[in-house]
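Along the sequence shown, the residues carry numbers beginning at 1.
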Amino acid sequence: MKYLERVILETLRMYSPVPLIARVVNEDVKLGSAGPRSCVGRKYAMLKLKVLLASVLRRFRTISDKDEKDFKLQADIILKREDGFHIRVEERVV
Ligand code: HEM
């Protein structure tokens with residue numbers, strides 16, 4: 001679970017799900033640690049991602065038909081793959 005958490009954090013770093021925030025600052029602001037709009041669901045999201053990924057990846061192997069270098073990203077409200085997520089799922093043989 002520790003390793004999985006590192007994989008999730010690295011994925012969030014490389015492919016930030018919220019790539020931009022449209023907000024205008026009207027006066028100088030001194031930001032505290034994570035700032036005043038820090039995500040309240042952060043810990044819950046991490047727990048849920050770990051449970052979900054561990055449950056799925058224990059039984060299935062996921063295969064992408066595209067190399068990472070060919071990903072075309074689209075920065076919308078959240079970051080997306082322009083052409084969607086084309087993955088194949090195969091049951092693991094134990
Ligand atoms: C990986 C999952 C998540 C990511 C990447 C994420 C990302 C973010 C980001 C970037 C912000 C700041 C937005 C801004 O500055 O305007 C934010 C705020 C917030 N998030 Fe999340 N979030 C996630 C999961 C969740 C979940 C699961 C919940 C609820 C259960 C949640 C509830 C909120 C709320 C209520 C705020 C607004 C806080 C405020 O403005 O006072 N988030 N989130």
So, do [X] and [Y] sit near enough that their side-chain heavy atoms are less than 4.5 Å apart?
X   : Y   : value
E91 : R59 : yes
S16 : L79 : no
E10 : M14 : yes

In Å and rounded to the nearest 0.5 Å, what is the CG to CG distance from L4 to L57?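 Atom-to-atom, L4:CG and L57:CG are 7.5 Å apart.
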Measure the CZ-NE2 distance between R81 and H86 for me, rounded to the nearest 0.5 Å.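 Separation between the atoms: 7.0 Å.
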Heavy-atom count check: over 12 atoms from other residues, nucleotides or ligands less than 6.0 Å from L73 CG?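 Yes, the 6.0 Å shell around CG holds more than 12 heavy atoms from other groups.
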Please output the side-chain donor-acceptor pairs of residues 27-55 that fall under 3.5 Å, not counting sequence neighbours, one pair per line with the distance.
from, atom 1, to, atom 2, distance (Å)
K50, NZ, E5, OE1, 2.7
S55, OG, V51, O, 2.6

Using the rule that Ile, Leu, Val, Met, Phe, Trp and Tyr join whenever any side-chain heavy atoms are under 4.5 Å apart, tell me whether L9 and M1 fall into a single cluster. yes
State, to 0.1 Å, how close P17 and L12 come at their nearest heavy-atom pair, and which atoms those are.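 Here P17 and L12 meet closest at CG-CD2, 3.4 Å.
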Locate the shortest heavy-atom distance separating V7 from T11; write the atom from each residue and the value.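 Scanning both residues completely, I find the closest heavy atoms to be O-OG1, 2.6 Å.
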One thing to verify: whether K66 and D70 come together as a salt bridge, which I'm taking to mean a side-chain N less than 4.0 angstrom from a carboxylate O.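 No, no charged N to carboxylate O under 4.0 Å.
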N-O pairing of D65 and R88 below 4.0 Å: yes
Kindly say whether V93 contributes a backbone atom to a donor-acceptor pair with the side chain of R61 at under 3.5 angstrom?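 No.
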